[in-house]
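Reviewing the structure listed below.
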Amino acid sequence: MTSTLVTPPVPAGRTADARGAAVPRRRTRVLALPEARWAAVALVLFLVALPLRLTGAPAWTWGPLYALTYAAGGWEPGLAGLRALKEKTLDVDLLMVVAALGAAAIGQATDGALLIVIFATSGALEALATARTADSVRGLLDLAPATATRIAGDGTEAAVAVAELRVGDTVLVRPGERIAADGRVVDGASDADQATITGEPLPVAKEPGDEVFAGTLNGTGALRVRVGRVAADSVIARIVRMVEEASETKAPTQLFIEKVEQRYSLGMVAATLAVFLVPLAFGATPAGSLLRAMTFMIVASPCAVVLATMPPLLSAIATAGRHGVLVKSAVVMERLGEVDAVALDKTGTLTEGTPRVTDVRPLPGSGLDEAALLALAAAAEHPSEHPLARAVVEAARDRDLALPAAGGFASTPGAGVRATVGGRAVVIGAPARLLAGAEDADSVRASVLGAELENGGRTAVLVMADGEPLGLLGIADRLRPDATPTVASLTALTGTAPLLLTGDNPRAAALLAAEAGIADVRAGLLPEHKVQAVRDLQASGRRVMVVGDGVNDAPALAAAHTGVAMGRAGSDLALETADAVVVRDELATVPAVIALSRRARGLVVQNLVIAGAFIAALVAWDLAGTLPLPLGVAGHEGSTVVVGLNGLRLLREAAWKRAAG
Ligand code: ADP
Ligand code: MG
């Protein structure tokens with residue numbers, strides 16, 4: 001029984017969603033799975049043969065049908081088992097096929113066939129869980145169109161492959177079309193259904209300057225969009241890549257079970273031989289001993305144990321994926337539930353990450369006016385991916401400022417940027433860091449101004465050129481609307497209030513934290529300090545989840561027990577480093593996915609208990625008394641199916657609703 005994320009052939013169905021917009025939904029139908037088709041064939045054959053057998057029809061009527069039942073349900077696991085055997089691993093599936101054939105050999109063809117049918121069915125169930133998981137993650141992507149209408153400089157239109165679009169190209173998006181590339185609207189007005197990426201249920205108005213995403217659906221207006229990212233870098237493509245990488249790794253519990261399974265299977269074969277040979281030596285009949293041994297082999301097989309772990313975890317991954325949380329592997333799904341402390345980043349995580357410049361304050365001695373200061377800062381910030389940098393560039397654009405040319409850009413995550421503008425070495429960053437130790441009049445004036453802005457809840461950013469402070473920018477960001485309830489749920493779930501780790505100034509951080517309900521605030525942190533904070537917590541026995549978005553959060557995401565990145569605002573580095581991605585930036589899904597993981601872990605335990613109890617009871621019955629073979633088969637396979645179905649419970653919508661509280 002394999003449990004990797006397979007990529008089955010998916011029939012692309014189109015269904016209309018509640019608003020009537022066509023959203024391609026991809027959902028594997030049961031019979032699209034070869035495992036399910038073979039199981040169905042085996043079942044039908046069995047159902048035809050069984051009445052013939054029971055009504056005492058001649059053997060030539062039901063015999064061949066049974067043979068076909070065995071072949072249909074058993075060839076695939078049998079073949080896989082033989083292949084495994086060649087690599088010197090003993091696979092439980094093979095044992096089941098052998099047991100069925102053994103049953104047939106001693107005249108119990110019906111029991112063997114029943115075994116094969118139920119066995120094939122449980123295999124199909126697992127395949128379904130796996131396929132649904134892959135579907136629902138892919139369903140997020142809602143693939144972007146393959147071609148776009150590019151408008152050349154002279155205004156002519158041409159259809160080109162999306163892969164050929166370059167940053168800076170202009171594309172035309174007609175009403176009702178899917179947008180082909182991430183970019184900004186340069187002309188036109190419309191609305192876009194972005195539910196696939198942002199989860200926003202209502203169409204969002206789009207005007208010149210607004211950002212649009214590949215794969216989202218244009219409304220009733222026509223738009224001209226300047227391409228901001230090539231296809232390979234679009235938000236959708238990044239998610240696709242992660243899904244592709246999405247773990248072939250198995251959960252630790254599963255790995256442990258598989259390790260034990262090997263020894264167990266060998267032991268079981270030895271025990272089966274003993275169950276056959278020992279009574280024989282004491283004068284029992286060969287047929288009776290063989291029947292008992294066959295029954296033993298069937299009921300002692302750990303099929304249900306093997307099926308206990310992956311379906312719940314895969315189902316949980318699928319359900320989380322449908323709700324915009326991409327959990328990269330079963331390992332992560334298992335670990336998420338262990339988290340008992342959460343550290344949140346501020347900018348872009350707790351806040352919306354779309355800060356606005358609210359104050360522009362040139363220093364008197366700088367000789368610059370507001371516009372010149374802003375233009376200089378924007379020129380230096382232009383290449384940066386940081387939300388603060390975007391705010392500065394945006395502000396300059398809003399004022400239609402021409403940006404001077406800049407070169408030699410470098411950024412220090414969590415500290416700021418430097419660049420050469422008009423021959424001057426411009427440095428931009430936190431005043432506390434840049435002014436540390438400076439006591440000249442300009443620096444003191446800049447410090448005072450910075451403190452003033454920060455007391456007002458702003459992030460103050462100092463602009464310096466050739467070592468001289470030129471002025472400050474005040475930048476404000478809003479708390480995400482779901483930040484406060486999320487903090488409350490995380491507190492309830494983990495038993496401790498989350499803490500805030502930020503590179504921003506303590507004053508602005510404290511104001512914002514208070515609004516969100518966080519008491520423990522660590523501000524002014526460089527990326528390595530964030531790591532240290534996480535390590536300290538872990539050293540005190542905590543399992544820490546870090547939620548962040550920036551390049552400056554990546555080391556902490558890596559150091560954490562589990563790292564969660566904000567998908568929309570998130571830097572590529574954060575997305576790659578994190579174990580899970582909140583694709584639509586809905587903070588409230590973080591506690592939900594922790595709760596879901598706990599449910600999945602609970603189901604794994606429940607499954608193992610069910611499986612273990614059945615094996616113990618049936619084995620004891622077979623050894624101590626006489627367990628009829630049909631009862632053994634029904635009990636064993638019944639428990640396998642129950643365990644398989646139990647795991648699939650987490651696929652249901654209700655499972656998420658419950659987790660989301
Ligand atoms: P957070 O941890 O809250 O996400 P960061 O660590 O990214 O914040 O940034 C911390 C501080 O470093 C900011 O408050 C700002 O003062 C400074 N900084 C970082 N990047 C930039 C930038 N591109 N421009 C100006 N200042 C920056
Ligand atoms: Mg951040």
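Both counts, for ligands and for their atoms, begin at 1 and track the order of listing. We count residues from 1, following the sequence as given.
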Please say whether V417 places an N or O atom under 3.5 Å from an N or O atom belonging to ligand 1.
-> no
Less than 4.0 Å between a side-chain N and a carboxylate O, is that true for D477 and R356?
-> no
Quick one: nearest non-hydrogen protein atom to atom 12 (O) of ligand 1, plus distance?
-> G414 O, 3.1 Å
Near T459 (heavy-atom distance under 4.0 Å), the atoms of ligand 1 are 14 (O)
Atom indices of ligand 1, in the order listed, that fall short of 4.0 Å to a heavy atom of G416 = 18 (N), 19 (C), 20 (N), 21 (C), 27 (C)
Closest approach of any protein heavy atom to atom 11 (C) of ligand 1, naming residue and atom | G503 O, 3.3 Å
Any donor-acceptor pair under 3.5 Å linking the side chain of T349 with the backbone of K346?
-> no
Nearest heavy atom to atom 26 (N) of ligand 1 wins, so pick from G353, A556, G450, G429.
-> G429
Any N or O of V461 closer than 3.5 Å to N or O of ligand 1 = no
S597 side-chain N/O to M333 backbone N/O, donor-acceptor pair under 3.5 Å = yes
Nearest to atom 15 (C) of ligand 1, what protein heavy atom do you find, and at what distance?
-> L388 CD1, 3.6 Å
Is there at least one pair of N or O atoms, one from N505 and one from ligand 1, spaced under 3.5 Å apart?
-> no
Would you call R150 and D169 a salt bridge, taking side-chain N to carboxylate O under 4.0 Å as the test?
-> yes
Out of H529, H386, K346, indicate the one that has the non-hydrogen atom closest to atom 20 (N) of ligand 1.
-> H386
Residue-ligand contact R433/ligand 1, heavy atom below 4.0 Å | no
Using a strict cut-off of 4.0 Å, indicate which atoms of ligand 1 neighbour a heavy atom of T502.
-> 1 (P), 2 (O), 3 (O)
Which atoms of ligand 1 are found less than 4.0 Å from any heavy atom of A430?
-> 16 (O)
From the list V534, D340, V564, side-chain contact (heavy atoms from CB on, under 4.5 Å) partner of M545 resolves to V564
Mark the output for S384 as yes if a heavy-atom distance to ligand 1 is under 4.0 Å, and as no if none is.
-> yes
Using a strict cut-off of less than 4.0 Å between a Lys/Arg side-chain nitrogen and an Asp/Glu carboxylate oxygen, indicate whether E653 and R322 qualify as a salt bridge.
-> yes
Smallest separation among heavy atoms of S443 and A438, with atom names = OG-CB, 3.5 Å
Given that the side chain starts at C-beta and the backbone is N, CA, C, O, which of these parts of D345 lies under 4.0 Å from ligand 1, counting heavy atoms, or is it both or neither?
-> side chain
Starting from atom 25 (C) of ligand 1, locate the nearest protein heavy atom and write down its residue, its atom name and how far away it is, to 0.1 Å.
-> E381 OE2, 3.1 Å
Mark up the atoms of ligand 1 that fall under 4.0 Å of a heavy atom belonging to K530, in ascending order.
-> 1 (P), 2 (O)
Salt bridge or not for R361 and D359, using N-O below 4.0 Å?
-> yes
Inspect the contact between D553 and K530 and indicate whether a charged nitrogen and a carboxylate oxygen are less than 4.0 angstrom apart.
-> yes
Does the N or O separation between T347 and ligand 1 drop below 3.5 Å for any pair?
-> yes
Does one side chain, of S190 or N218, offer a donor that lies under 3.5 Å from an acceptor on the other?
-> yes
Say whether D553, considering both its backbone and side-chain N or O atoms, lies within less than 3.5 Å of an N or O atom on ligand 1.
-> no
The protein N, O or S atoms lying under 2.8 Å from the Mg ion (ligand 2) are D345 OD2, T347 O, D549 OD1
Could you list which atoms of ligand 1 come closer than 4.0 Å to a heavy atom of D504?
-> 10 (C), 14 (O)
Using distance alone, with no hydrogens and no angle criterion, decide if R458 and T358 have a side-chain donor and acceptor under 3.5 Å apart.
-> yes
R399 bridged to E370 by N-O distance under 4.0 Å = yes
Heavy-atom nearest neighbour in the protein, as seen from atom 6 (O) of ligand 1, with distance rounded to 0.1 Å | N552 ND2, 2.4 Å
From the list T494, V546, L499, side-chain contact (heavy atoms from CB on, under 4.5 Å) partner of V342 resolves to T494
Heavy-atom nearest neighbour in the protein, as seen from atom 17 (C) of ligand 1, with distance rounded to 0.1 Å = A415 O, 3.1 Å
Might you confirm whether atom NE2 of H561 has over 12 heavy atoms from other residues, nucleotides or ligands at distances under 6.0 Å?
-> yes
Could you tell me which non-hydrogen atom of E576 sits nearest to which non-hydrogen atom of K328, and how far apart they are?
-> O-NZ, 3.0 Å
Closest heavy-atom pair and its distance - R598, V339 | NH2-O, 3.5 Å
Give a yes or no on whether a salt bridge exists between E352 and R478, defined as a side-chain N under 4.0 angstrom from a carboxylate O.
-> yes
